[in-house]
Amino acid sequence: MKLFDTLAGEIVDFVPRKAGEVSLYACGPTVYSHPHLGHARQSITYDVIRRYLEWSGIRVHHVANITDIDDNIINRAKDEDSTEPEVAKYWTEVYDEVMADLGVLSPHDRPHATEYVEEMVELISVLVENGSAYANDSGVYLRVRSVPDYGALVHRTPDELAEGAGARIEVDDNKEDPLDFALWKAAKPGEPTWESPWGAGRPGWHIECAAMSLGILGDGFDLHGGGNDLVFPHHTNERAEAIAAGREFAKYWVHNAMVNIGGEKMSKSLNNFTTVRELLDEDPLNARALRIVLLQTHYRKNLEVNTKVMAVARETLKGIDAMVRRADNAGLDRTSTARDADAITKFRAAMDHDFGTPEAMATVFDLVRRANIAIDSNAADATPLALTAMELANALGLAVGQAAEAGDDDVDIEALVADRAAAKAARDFETADQIRADLQARGITVEDTADGSIWYRA
RNA sequence: GCGUCGGUGCCCGAGCGGCCCAAGGGAAGGGACUGCAAAUCCCUACAGUCGCGGGUUCAAAUCCCGCCCGGCGCUCCA
């Protein structure tokens with residue numbers, strides 16, 4: 001299996017530290033506001049990676065944190081006359097609901113930064129003791145230039161970073177070098193604080209993920225992921241902290257590209273974001289359609305999400321669902337273990353090359369088309385083709401072939417469909433069409449097949 | 001400015017030196033099936049060429065160099 005490793009800067013062979021097992025850490029959100037499409041892309045990207053690995057029989061340990069203490073949360077608490085824990089709790093719940101609706105599997109571990117302060121303090125202690133960090137009244141800072149390899153993840157030397165950042169770095173007398181960054185921030189009035197050997201305060205952003213990832217997954221864990229806007233400073237600094245502490249950090253780095261709006265990155269700071277909730281509210285199909293959109297674009301490519309893109313994806317999705325409906329109607333035996341081996345091989349080849357989901361989806365669509373042909377001609381391979389298409393789509397989290405939710409009016413609808421069949425048999429097409437139109441108005445679509453009529457909710 | 005990723009049909013978007021007269025999805029036109037639809041299938045037009053210009057190679061959308069354009073990053077960010 002190959003993947004594009006940000007650190008190496010190229011596609012490399014992915015060799016987990018332990019055969020058959022993959023440890024994956026993906027930076028989670030800071031919980032103070034609505035999750036937007038950018039968060040959705042990140043979560044779905046790693047959800048797809050995880051699902052694919054698990055489908056391949058690999059045991060995955062997926063960790064995604066919750067950053068529940070930082071400036072944004074503190075500010076929000078102030079604005080709302082609330083407390084930081086309350087703000088974090090509320091937005092964590094919102095985040096969880098949204099991700100569940102998107103079909104994103106819960107990570108196996110989801111550490112909260114505030115629950116790992118002890119580990120962070122320990123890590124900082126090591127850094128202070130070995131001279132990689134220094135403490136003063138304002139906090140504890142990492143001596144960036146003492147870290148070998150600093151900037152390797154962004155492919156920049158410390159000098160290059162300092163030069164580029166010149167205009168942006170605030171002069172800060174507390175730092176020995178402008179590049180240094182805070183591991184621990186001394187307490188400010190009105191802010192939540194924890195005790196530490198350097199006085200009361202709170203952890204810096206980067207140390208949180210370093211402590212949580214190493215703490216749960218251990219040294220030299222396999223994969224660290226996140227949005228590509230986190231490469232610097234966040235991931236660069238996490239890595240620097242671990243290296244400076246003499247720990248082996250993530251072996252491979254995977255970064256997903258941004259979601260753009262009007263050609264620009266969607267972000268909270270630009271205030272041009274669409275919340276996931278808004279998108280989900282627009283159409284019940286959108287949760288799965290969004291996954292289609294993301295699967296049909298490579299994860300390292302920027303992506304524009306708008307109503308047109310979503311509409312196209314919904315049509316695409318309907319095509320897959322229609323095949324399943326037709327297969328079931330033709331008497332598909334879902335317990336069959338027959339599969340199309342060639343398609344699975346192609347699918348694997350696509351996914352094993354840097355998670356080539358667009359190509360993997362092409363094999364799914366090919367199966368869908370061939371399954372439809374087989375269904376139409378009552379061919380025996382309808383079963384393996386349909387089941388393979390379903391299995392592969394589901395390996396990517398598309399939730400295909402799930403039983404429709406029963407509605408209160410199912411009996412009523414069944415009766416009307418039967419009435420229509422009777423009217424058709426009597427060649428009373430006017431009545432039959434009227435029933436069909438009435439049902440359509442209720443959101444029920446009726447389709448005729450050689451094996452009788454089928455109906456479904458739009 | 002520096003780093004990094006990219007620029008492929010009407011739209012979205014794969015393409016990992018020969019299997020590329022360039023996948024797949026959507027939309028379009030025609031046809032089959034149907035009482036009519038829907039769903040499905042088939043066919044067609046779509047990229048005479050892959051931002052532009054050089055180069056390497058028997059062979060380039062794919063590798064190298066330069067230029068143009070765009071995204072992201074350069075201490076809030078998924």
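Everything numeric here is computed off the predicted structure, so don't read it as measured data. Residue numbering restarts at 1 for every chain, and letters A, B, ... go by the order of the sequence lines. The figures here come from the full heavy-atom set of this structure, side chains too, leaving out hydrogens, waters and symmetry mates.
- Nearest nucleotide to the side chain of A:Asp433, out of B:G35, B:C72, B:A78: B:G35.
- Stacking is not found between A:Phe232 and the pyrimidine-like six-membered ring of the B:G73 base under the 5.5 Å centre-distance and 30° plane-angle cut-offs.
- The base of B:C2 is paired with the side chain of A:Arg156 by a donor and an acceptor separated by under 3.5 Å.
- Within the structure, every side-chain polar atom (N or O) of A:His155 is placed at least 4.0 Å from both OP1 and OP2 of B:G3.
- Applying the side chain to side chain contact (heavy atoms under 4.5 Å, CB included) criterion to A:Thr275, with sequence neighbours excluded, gives A:His34, A:Phe273, A:Arg277, A:Glu278.
- None of A:Thr6, A:Asp5, A:Asn228 except one satisfies the side-chain hydrogen bond (donor to acceptor under 3.5 Å, both in side chains) rule with A:His255; the exception is A:Thr6.
- Between A:His108 and A:His61, the ring-plane angle classifies as perpendicular under the 30° and 60° cut-offs.
- Only A:Lys301, A:Asn302, A:Lys308, A:Val312, listed by number, bring a heavy atom of residues 301-313 of chain A to less than 4.0 angstrom from any atom of RNA chain B.
- For the segment residues 372-392 of chain A, the set of residues with a heavy atom within less than 4.0 Å of an atom of RNA chain B comprises A:Asn372, A:Ile373, A:Asp376, in numerical order.
- A:Phe365 comes within 4.0 angstrom of the backbone, heavy atoms only, and of no base.
- We find that CD of A:Glu359 is positioned 13 Å from C1' of B:C19, with the value rounded to whole Å.
- Under the 6.0 Å cut-off for aromatic ring centres, A:His224 and A:Tyr252 do not qualify, their centroids lying 6.0 Å or more apart.
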Just the atom pairs and distances: protein N or O near nucleotides 61-65 of chain B's N or O, under 3.5 Å.
none

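- Aromatic ring orientation, A:His36 versus A:His39: tilted (interplanar angle from 30° to 60°).
- Distance, A:Trp253 CH2 to B:U4 C1': 16 Å, rounded to whole Å.
- When the P atom of B:C16 is taken as reference, atom CZ of A:Phe355 falls 18 Å away, rounded to whole Å.
- At a threshold of 4.0 angstrom between heavy atoms, the contacts of A:Met361 with the nucleic acid are absent.
- A:Asp366 contributes no side-chain N or O that forms a donor-acceptor pair with the base of B:G24 under 3.5 Å.
- Checked by distance alone, A:Glu430 brings no side-chain donor or acceptor within 3.5 Å of a matching partner on the base of B:C36.
- For A:Arg370 and B:C41, a side-chain-to-base donor-acceptor distance below 3.5 Å is absent, hydrogens and geometry of angles not being considered.
- Base-pairing analysis of RNA chain B finds the following stems of at least three consecutive Watson-Crick or G-U pairs, with both pairing distances under 3.5 Å: B:1-7 with B:68-74, B:10-12 with B:24-26, B:28-32 with B:40-44, B:51-55 with B:63-67.
- Listed by residue number, A:Val446, A:Glu447, A:Asp448 are the residues of residues 439-449 of chain A with a heavy-atom contact under 4.0 Å to RNA chain B.
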